[in-house]
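On a predicted model such as this, the values are computed, not experimentally measured, just so you know. Along the sequence shown, residues are numbered consecutively beginning with 1.
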Amino acid sequence: MKQSVFFGALTGAVLVGGIAGAATLDDVKARGKLNCGVTTGLVGFAAPDANGNWEGFDVAVCRAVAAAVLGDPNAVEFVPTTGKTRFTALASGEIDMLARNTTWTFSRDTDLKFDFVGINYYDGQGFIVPKALGVTSAKDLDGATVCIQTGTTTELNLADYFRANNISYEPVPIETNAEGQQQYLAGACDAYTTDASGLAATRATFETPSDHVILPEIISKEPLGPLVRHGDNDWGDIVMWTLNALIAAEEYGVTSANVEELSAAAGDNPEVNRLLGTEDNLGAMIGLDATWAKDAIAAGGNYGEIFEKNIGESTPIGLARGLNAQWTEGGLLYAPPFR
């Protein structure tokens, strides 16, 4: 989800948060748990199950970081945030990291003083409409009512797209994805727009998903990924390289099923050995145990396993890998070397 920048009041909070967050690793270790900001609920990405246990693609990143730092993927306090509250929660120190379908943009990186530590999903903004509306293209939405989250860059993308195509629309403001879904299904808007992955996740919860069509147009670039406060480079490195470890593990064939065996003794692949801590000790460079990456991978599997379990083609959400395939498979996923 792509939210706008709240420049004025938040800037001071960011500065305070950046100073306070200079020892996030120590804080997390002392607390014994990771405070991870997530969405208020988006099936496949972050949502509590019937027993209140959080699950999803973004949740798995939080658990991997907790496993890397604390040795326990369950040592996480999930903090639900809305599009408007998430940045303040991170800046103030309420959460240690944010993993919430958040788009990496210039202003968030520079003006808000956040550090995006990587991209875990390459996305773009799309539209969903009822099949009965008879619309096959976003360019057919002239005069339509469109549900859109307030205070978001989604609003800016929408305005730019309709202006460029010389068509008009009437915005229907919403606060959360749950409200957007409710309003859309109630007929309060002709179309709902957000990240295409979010639309797929939302449609999967409908009583009759086939009655709704995600239009073919992708009108923006939305590189989604976890972020931390600016100014705490040591903590940023940990979150960044935990994500990279999940990506590299898939490339090198390290899975939740074989990680224990591969980490029991050094094998023939030096990169895998360094990743799993059987050769050299990369963990010491970032203040973690030698098994930090092994623990992160064991928590929920490598990137591919996490993708397929939560949002892949065999799930109700049914997302293909596309740009999120490994670079060796024509995608954009590429982890720097572990050496």
Side-chain angles (χ1 to χ4, degrees), residues 1-3 38-49 54-61 83 99-104 119-133 135-138 140-141 144 146-149 152-154 157-158 161 174 176-186 189-226 300 303-325 329 331-333:
M1 312 291 285
K2 305 120 0 221
Q3 309 297 332
V38 292
T39 183
T40 52
L42 182 63
V43 173
F45 285 88
D49 64 14
W54 283 84
E55 298 179 333
F57 185 72
D58 287 329
V59 165
V61 175
R100 189 197 177 282
N101 303 77
T102 300
T103 302
W104 190 345
I119 299 169
N120 72 332
Y121 195 92
Y122 291 88
D123 210 346
Q125 183 176 335
F127 299 86
I128 189 170
V129 297
K131 183 179 292 185
L133 194 63
V135 171
T136 58
S137 168
D140 298 333
L141 292 174
V146 183
C147 282
I148 186 165
Q149 292 193 37
T152 68
T153 56
T154 309
N157 295 335
L158 183 65
Y161 181 79
I174 58 172
T176 66
N177 185 69
E179 182 185 355
Q181 175 179 324
Q182 181 183 32
Q183 293 288 82
Y184 170 76
L185 290 176
C189 50
D190 299 312
Y192 179 29
T193 183
T194 188
D195 296 336
S197 64
L199 294 178
T202 299
R203 182 174 64 173
T205 67
F206 291 172
E207 184 174 348
T208 312
S210 59
D211 285 349
H212 304 269
V213 178
I214 297 176
L215 299 178
E217 287 84 1
I218 299 296
I219 68 171
S220 68
K221 292 185 297 184
E222 307 297 335
L224 309 178
Y303 179 93
E305 290 179 280
I306 292 170
F307 190 104
E308 291 307 319
K309 175 184 177 181
N310 293 289
I311 58 177
E313 292 183 289
S314 63
T315 70
I317 297 169
L319 294 174
R321 288 291 292 267
L323 294 178
N324 297 291
E329 301 294 331
L332 297 179
L333 282 190

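- Side-chain contact of Gln125 with Thr193: a donor-acceptor pair under 3.5 Å is present, judged by distance alone.
- Annotation for Ile218 and Ala196: closest pair CD1-CB, 3.8 Å, computed over non-hydrogen atoms.
- Looking only at side-chain heavy atoms (C-beta outward), Tyr122 and Leu224 stay at 4.5 Å or farther from each other.
- Using a 3.5 Å distance cut-off with no hydrogens or angles, the side chains of Glu308 and Ser314 do not pair a donor with an acceptor.
- Thr103 and Glu222 share a donor-acceptor pair across their side chains, judged by distance under 3.5 Å alone.
- Judged by distance alone, the side chains of Gln149 and Asn177 never bring a donor and an acceptor atom under 3.5 Å apart.
- Closest approach of Asn157 and Ile219 over heavy atoms only: O-CD1, 3.9 Å.
- Here the shortest heavy-atom pairing between Val61 and Pro226 reads CG1-CG, 4.4 Å.
- Between Leu158 and Ile148 there is a side-chain heavy-atom pair separated by less than 4.5 Å.
- Nearest heavy atom pair, residue Ala191 against residue Leu141, reads CB-CD1, 4.3 Å.
- Checked against the 6.0 Å centroid criterion, the rings of Tyr121 and Tyr303 do not qualify as a close aromatic pair.
- Under the 3.5 Å distance criterion, with hydrogens and angles disregarded, a donor-acceptor pair is assigned to the side chains of Asn120 and Asp58.
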